[in-house]
Amino acid sequence: MRLTHAPLRVAIGAYILNSGVSKRSLEGEAAEGVHGMAVGAIPQLGQVPPDRFAVLLSRGEIALGAALLAPFVPSLLAGAALTAFGAGLVQLYLKTPGMREGTSLRPSQAGIGLAKDVWLVGAGVTLMLDSLTHRRRR
């Protein structure tokens with residue numbers, strides 16, 4: 001990990017790790033709610049039971065947060081994982097009814113929380129591009 005990547009990776013990694021840890025105890029209606037939103041964006045997730053989905057989501061967020069925080073994980077790999085995760089959240093925003101104002105991309109009041117996740121995609125792509133271009137300069 002390059003020193004210039006550290007602030008970005010630490011800030012986002014700590015945020016995602018905390019999110020994953022907080023989801024470890026999701027059960028019942030809370031797990032069903034998270035699962036329902038995910039199924040609305042990615043219908044194939046309907047094959048996964050809600051409680052199992054909550055466990056997998058929690059573990060995935062913990063793994064991603066830890067990978068971003070671990071200095072031995074290459075920024076190219078961490079950035080790719082962050083980009084994929086962020087893209088999933090953007091898909092959730094785009095496909096969940098009521099998150100946007102009409103047919104525009106502008107978020108409704110309810111969608112602001114999800115719309116902001118586009119920064120995760122930008123940060124992930126930045127880590128990947130900087131890693132790739134830094135290698136070429138050497």
Side-chain angles (χ1 to χ4, degrees):
M1 173 170 58
R2 294 181 51 207
L3 182 60
T4 57
H5 295 174
L8 185 68
R9 287 182 60 169
V10 168
I12 296 172
Y15 183 88
I16 292 174
L17 178 63
N18 181 64
S19 178
V21 169
S22 70
K23 287 182 177 81
R24 285 177 45 202
S25 61
L26 279 183
E27 294 178 340
E29 287 183 25
E32 288 174 12
V34 171
H35 182 255
M37 280 190 72
V39 169
I42 305 168
Q44 296 83 352
L45 292 175
Q47 298 173 3
V48 180
D51 287 338
R52 179 75 178 141
F53 175 78
V55 167
L56 293 172
L57 178 60
S58 171
R59 288 179 182 169
E61 287 185 356
I62 289 169
L64 176 58
L68 286 162
L69 291 170
F72 56 84
V73 175
S75 288
L76 181 62
L77 178 61
L82 181 59
T83 300
F85 180 72
L89 293 173
V90 170
Q91 183 175 3
L92 186 66
Y93 165 71
L94 293 173
K95 291 191 172 187
T96 302
M99 296 292 119
R100 296 180 292 137
E101 291 184 3
T103 58
S104 78
L105 291 177
R106 291 181 55 201
S108 65
Q109 195 63 31
I112 290 173
L114 280 175
K116 63 151 181 58
D117 290 332
V118 71
W119 64 274
L120 296 174
V121 176
V125 171
T126 297
L127 287 172
M128 290 190 308
L129 289 175
D130 189 58
S131 295
L132 292 170
T133 59
H134 180 62
R135 286 183 185 166
R136 288 186 189 156
R137 285 183 248 152
R138 284 186 173 177

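To the nearest 0.5 Å, atom CG of residue L8 and atom CZ of residue R2 are 12.0 Å apart. The CD1 atom of I12 sits 7.0 Å away from the CG atom of L68 when rounded to the nearest 0.5 Å.
For A115, the side chain to side chain contact (heavy atoms under 4.5 Å, CB included) partners are Y93, P107, not counting sequence neighbours. In this structure, the side chain to side chain contact (heavy atoms under 4.5 Å, CB included) partners of A67, at least two apart in sequence or on a different chain, are V73. Partners of A110 by side chain to side chain contact (heavy atoms under 4.5 Å, CB included), not counting sequence neighbours, listed by chain and number: M99, S108. By the ring pair (Phe, Tyr, Trp, His ring centres under 6.0 Å) test, H5 is found to be paired with no residue, residues two or more places apart in sequence or in another chain being considered. In terms of the ring pair (Phe, Tyr, Trp, His ring centres under 6.0 Å) criterion, F85 has no residue partners (sequence neighbours excluded).
Sorted by first then second residue, the salt bridge (Lys or Arg N to Asp or Glu O under 4.0 Å) pairs that include residues 97-124, not counting sequence neighbours, are E101-R106. For residues 13-31, the set of pairs meeting the salt bridge (Lys or Arg N to Asp or Glu O under 4.0 Å) definition, not counting sequence neighbours, comprises K23-E61. For residues 32-58, there are no salt bridge (Lys or Arg N to Asp or Glu O under 4.0 Å) pairs, not counting sequence neighbours. Pairs engaging residues 6-61 under the ring pair (Phe, Tyr, Trp, His ring centres under 6.0 Å) rule: H35-F53 [sequence neighbours left out]. Sequence neighbours left out, not one pair with a member in residues 105-131 passes ring pair (Phe, Tyr, Trp, His ring centres under 6.0 Å).
Grouping the Ile, Leu, Val, Met, Phe, Trp and Tyr side chains by contacts below 4.5 angstrom, directly or via other members, places L57 apart from M37. Cluster annotation: M128 and L77 are assigned to distinct hydrophobic clusters (Ile/Leu/Val/Met/Phe/Trp/Tyr, side-chain heavy-atom contacts under 4.5 Å, transitive). L114 and V118 fall within the same hydrophobic cluster, defined by Ile, Leu, Val, Met, Phe, Trp and Tyr side-chain heavy atoms under 4.5 Å apart, directly or through other members.
The closest side-chain heavy-atom distance from V55 to L26 is not below 4.5 Å.
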request  = For S75 and R9, run side chain to side chain donor-acceptor pair (under 3.5 Å): C-alpha distance rounded to whole Å, both residues' side-chain angles, the deciding distance at 0.1 Å, then the answer.
outcome  = CA-CA 9 Å; S75 288; R9 287 182 60 169; 2.9 Å; yes

Intermediate values then yes/no, side chain to side chain contact (heavy atoms under 4.5 Å, CB included), L82 and V125 = CA-CA 8 Å; L82 181 59; V125 171; over 6 Å; no

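Not one N or O on the side chain of S58 forms a donor-acceptor pair closer than 3.5 Å with the backbone of A54.
Closest non-hydrogen pair, A81 versus L64, comes out as CB-CD1, 3.7 Å. Between A87 and V121, the closest heavy-atom pair is N-CG2, 3.5 Å.
Through side-chain heavy atoms spaced under 4.5 Å, either directly or across other Ile, Leu, Val, Met, Phe, Trp or Tyr residues, I112 is tied to no other residue. Connectivity analysis of hydrophobic side chains (ILVMFWY, heavy atoms under 4.5 Å, direct or indirect) links L17 to V10, V21, I62, L69.
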